[in-house]
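Beneath this line is the structure, given in structure tokens, with notes to follow.
Bear in mind that the values here come from a model prediction, so they are computed numbers and not experimental data.
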Amino acid sequence: MTRGTGRRTPIRTLLTIAKADEAVVATGWVKTSRFSKNVSFMHLYDGSTTKTVQVVLTPEQTEALQSRLVVGACVRATGKWVVSPAKGQAFEIAADSIEVLGDVDASAYPIQKKDTSFEYLRTIAHLRTRTNTFQSVFRVRNALSWQIHKFFQERQFLWIHTPIISTNDAEGAGECFGLAHGKPGDPPFFGAPAMLTVSGQLNVECFAEAFTDVYTFGPTFRAENSNTARHAAEFWMIEPEICFADLDDVIALAQDFIQVVGRATIAQCAEDFEFFDARIAQDKEFTNKTLAILDRPFARITYAEAQDILLKSGKKFEFPIGHGTSMQSEHERFLAEEYFKGPVFVTNYPRVQKAFYMRLDDGGETVSATDLLVPRIGEIIGGSQREDRLDVLQEQLRVRNMPEAPYWWYLDLRRYGTVPHGGFGLGFERMLMWMTGMTNIRDVIPFPRTPGHADF
RNA sequence: UCCCGCUUAGCUCAGUUGGUUAGAGCAUCGGACUGUUAAUCCGGGGGUCCUCAGUUCAAAUCUGAGAGCGGGAGCCA
């Protein structure tokens, strides 16, 4: 654990390894302060932990600084690390000197030491980072990112930086954001209309067929007018691609990924998950239940079996069920939340419901695709074994009235040294929501972009 | 894009059947007090009741339109 720059010590470090009577320098912002004639207290946070450090002030320091040590003020406290005589903490700082580095006008500061709605905090996204909830959310977001890279790196996957700018709309995964430059009527900068990527998959497949196991992890853009708590116009996606692999291998990787990364993230951010259990989730056993799910195999059924389950459930659904129907949100939630009570892989969807690059099953009616459905969130992963046979892939383009020309390089992968391979795309923010219990994707993205909103 | 709901103090909200000067908690400001833990106690200030139009003797309250926000659906990750 770092000792900081040498001129200060992170609060997390202070609380774990500082020794009694050691001279310390703590820096941070005031979380709360309490003043009285004989002795005063101030709590500082610096983002390194869910906890604060208590600084004890003398009457002279109180007199001089009371009006300035308000919530949000930036402070440097120098003093001695001493045993606390009170119950709330083992140690505290007996301050020798306190400097206010940044004042706050308390009558105007919008962050208060009280519950505040997430809706309101979204309107002050530049300041919401200072609240307990968002401190925990973004520490976990950082840890989850780190554990994702760790998982793949330890398994010899290469991280591929697939392009953000694209001139083909990949797989038709969704509506694209077009790129404009210069004056209207200028020739296209890239020689063809360009857009922000909707997926790195087709690009990363090129690397898979040279490095065997690869992944992308980066921002993705969808211009769909989606107004839900689970959709954003800019989000991060994890897309591994593995060779010499079929759908079973893809599913095994996906399950291993979620379980290993999930457990490691909870272990790395134990304090933050305690906070979510206490303050965000309705259920105090929320994280323990997540850990239990991460310890046992996920359910797996085919699309056809899923339809049989829905038909036999006797439940009234708003949308039609039965073979050939497309699975709606209510059906997915029934399967994950009520029937399996946990994550479930659904496989072998009808060909017509899925993308052109998914491998056609024997019989030609279904494809080797899978969605992973989880309680509360719905679809968190979409994956498939890819069509590795050139003639079948060409036929799949043809039946969808898609031109071959833009995909010449993608088809080359099947012309030269083709290989059974597959992969999946996992919505990073959806996994974060599933783990933390946060219910709105806007509250797990630093500065969320949704229809009508790209503020800050 | 569709359906539903909400909008009252800095924040979170209450506001009866339309009726006189629109309330509470927290925050804030002033004071007191305490090894305090979102401290406690006393006092003060703070309002375009989202906007516009209408009904009415009278509108926070009823009607219409608009805006913003939220929930759900579709699309998907």
Side-chain angles (χ1 to χ4, degrees), chain A residues 30-43 51-59 62 66-67 70-72 82-89 92 94 104-124 131-132 171-175 198-201 219-239 254 279 317-319 326-333 353-355 371-374 377-383 424-434 439-443 445 450-453:
Chain A
V30 177
K31 191 76 171 183
T32 180
S33 49
R34 296 175 286 276
F35 302 99
S36 64
K37 204 185 288 178
N38 301 327
V39 61
S40 296
F41 306 95
M42 158 177 83
H43 284 250
K51 298 187 170 66
T52 54
V53 65
Q54 174 160 280
V55 180
V56 185
L57 284 73
T58 63
T62 301
Q66 173 167 356
S67 64
V70 296
V71 176
V82 298
V83 173
S84 177
K87 280 212 177 75
Q89 55 285 314
E92 61 194 13
V104 160
D105 175 359
S107 65
Y109 189 53
I111 304 292
Q112 306 171 356
K113 44 183 177 181
K114 67 188 286 288
D115 282 330
T116 308
S117 69
F118 292 148
E119 289 85 351
Y120 172 66
L121 290 171
R122 277 174 217 144
T123 68
I124 49 168
T131 64
N132 292 334
E171 49 189 282
E175 294 296 312
V198 295
S199 166
Q201 182 199 318
T220 304
F221 307 88
R222 303 279 166 89
E224 276 138 21
N225 190 14
S226 296
N227 293 287
T228 81
R230 306 182 305 283
H231 289 84
E234 177 179 330
F235 63 99
W236 280 51
M237 194 151 61
I238 300 115
E239 295 177 288
R279 300 296 295 275
F317 292 106
E318 186 186 346
F319 289 90
S326 74
M327 298 239 284
Q328 303 296 324
S329 194
E330 56 173 344
H331 310 137
E332 297 181 343
R333 291 188 62 153
Q353 294 181 16
K354 292 292 182 180
D371 286 355
L372 178 63
L373 314 177
V374 300
I377 310 296
E379 183 183 343
I380 199 167
I381 279 180
F424 63 84
L426 181 143
F428 178 65
E429 284 83 4
R430 289 190 181 173
M431 184 164 176
L432 199 49
M433 291 167 69
W434 180 67
T439 55
N440 197 308
I441 199 168
R442 297 173 184 88
D443 297 327
I445 298 178
T450 53
H453 296 281

Measuring only the P atom in each nucleotide, how far is B/rG66 from B/rG44? A whole number of Å is fine.
45 Å
Pairing donors with acceptors under 3.5 angstrom, does anything connect the side chains of A/Ser226 and A/His231?
no
Out of B/rG35, B/rC76, B/rC11, which has the shortest distance to the side chain of A/Gln112?
B/rC11
A/Ser226 (side chain) and B/rC75 (base): donor-acceptor pair under 3.5 Å:
yes
Listed pairs, N/O of protein and of nucleotides 12-15 of chain B, under 3.5 Å:
{"residue": "B/rU12", "atom": "OP1", "partner": "A/Ser117", "partner atom": "OG", "Å": "2.5"}

Pick base, sugar-phosphate or nothing for A/Pro85, based on heavy-atom distances below 4.0 Å to the nucleic acid.
base
For the C1' atoms, the ones on B/rU1 and on B/rG74, what distance do you get once it is rounded to whole angstrom?
8 Å
Identify, with sequence neighbours excluded, every residue that meets salt bridge (charged side-chain N to carboxylate O under 4.0 Å, His left out) alongside A/Arg442.
none
Between A/Thr32 and A/Lys113: side-chain donor-acceptor atoms closer than 3.5 Å
yes
Under 3.5 Å, is there an N or O donor on one side and an acceptor on the other linking the side chain of A/Gln54 and the base of B/rU36?
yes
Would you indicate, yes or no, if B/rG70 has its OP1 or OP2 atom less than 4.0 angstrom from a side-chain nitrogen or oxygen of A/Arg122?
yes
In whole angstroms, the gap separating C1' of B/rC75 from CZ of A/Phe235 amounts to 12 Å
Describe the nucleic acid contact of A/Phe319 in one word from base, sugar-phosphate, nothing, applying a heavy-atom distance below 4.0 Å.
sugar-phosphate
At 4.0 Å (heavy atoms only), tell me whether A/Ala86 reaches a base, stays on the sugar-phosphate, or touches nothing.
base
Roughly how many Å is it from CG in A/Leu372 to P in B/rA77, rounded to a whole number?
13 Å
Hunt down any stem RNA chain B takes part in, defined as 3 or more consecutive Watson-Crick or G-U pairs whose two distances are each under 3.5 Å.
B:1-7 with B:67-73, B:10-13 with B:23-26, B:28-32 with B:40-44, B:50-54 with B:62-66
Can a donor-acceptor pair be found, under 3.5 Å and without considering hydrogens, that links the side chain of A/Arg222 to the backbone of A/Ala232?
no
Among the nucleotides B/rA38, B/rA77, B/rG72, which one has an atom lying closest to any side-chain atom of A/Met237?
B/rA77
From the list B/rA39, B/rG71, B/rC76, which nucleotide is the closest neighbour of the side chain of A/Arg34?
B/rA39
For B/rA77 and A/Arg430 - does any side-chain N or O of the residue sit under 4.0 Å from the phosphate oxygens OP1/OP2?
no
If we ignore hydrogens and angles and just use 3.5 Å, is the side chain of A/Glu330 paired with the main-chain N or O of A/Phe319 as donor and acceptor?
yes
Using a 4.0 Å heavy-atom cut-off across all strands, classify A/Ala232 as base, sugar-phosphate, or nothing.
base
Look at A/His453 and B/rC69 and indicate whether a side-chain polar atom (N or O) is within less than 4.0 Å of OP1 or OP2.
yes
Taking atom types as they are modelled, is there a donor-acceptor pair under 3.5 Å from the base of B/rG74 to the side chain of A/Gln328?
no
Need to verify one output field. Residue with the more 5' nearest nucleotide on RNA chain B, A/Asn227 or A/Asp105?
A/Asn227
Just by modelled atom types, is the A/Phe235 backbone N or O under 3.5 Å from a matching donor or acceptor in the A/Glu429 side chain?
no
Side-chain donor or acceptor of A/Ser84 under 3.5 Å from a matching atom on the base of B/rG35?
yes
Quick one: side-chain hydrogen bond (donor to acceptor under 3.5 Å, both in side chains) partners of A/Ser326, sequence neighbours excluded?
A/Gln328
Consider the side chain of A/His43, meaning its heavy atoms from C-beta on, and name the nucleotide among B/rA77, B/rU37, B/rC75 that approaches it most closely.
B/rU37
Closest listed nucleotide, where the reference is the side chain of A/Arg442 and the choices are B/rG35, B/rG71, B/rC75
B/rG71
Looking across every strand, which nucleic acid part, if any, lies under 4.0 Å from A/Ile238 by heavy atom: base, sugar-phosphate, or nothing?
nothing
Do A/Glu224 side-chain and B/rU1 base share a donor-acceptor contact under 3.5 Å?
no
With sequence neighbours excluded, tell me which residues meet salt bridge (charged side-chain N to carboxylate O under 4.0 Å, His left out) with A/Arg122.
A/Asp443
Got a donor-acceptor pair under 3.5 Å from the side chain of A/Glu92 to the base of B/rG35?
yes
Reckon A/Ser329 has a side-chain N or O less than 4.0 Å from the OP1 or OP2 of B/rA73?
yes
Distance in angstrom units between A/Glu234 CD and B/rC76 C1', rounded
17 Å
Polar pairs (N or O, both sides) under 3.5 Å between protein and nucleotides 31-33 of chain B?
{"residue": "B/rC33", "atom": "OP1", "partner": "A/Lys37", "partner atom": "NZ", "Å": "3.0"}
{"residue": "B/rC33", "atom": "OP2", "partner": "A/Lys37", "partner atom": "NZ", "Å": "3.0"}
{"residue": "B/rC33", "atom": "N4", "partner": "A/Phe35", "partner atom": "O", "Å": "3.4"}

Measuring to OP1 and OP2 of B/rU36, would you say a side-chain N or O of A/Lys87 lies under 4.0 angstrom away?
no
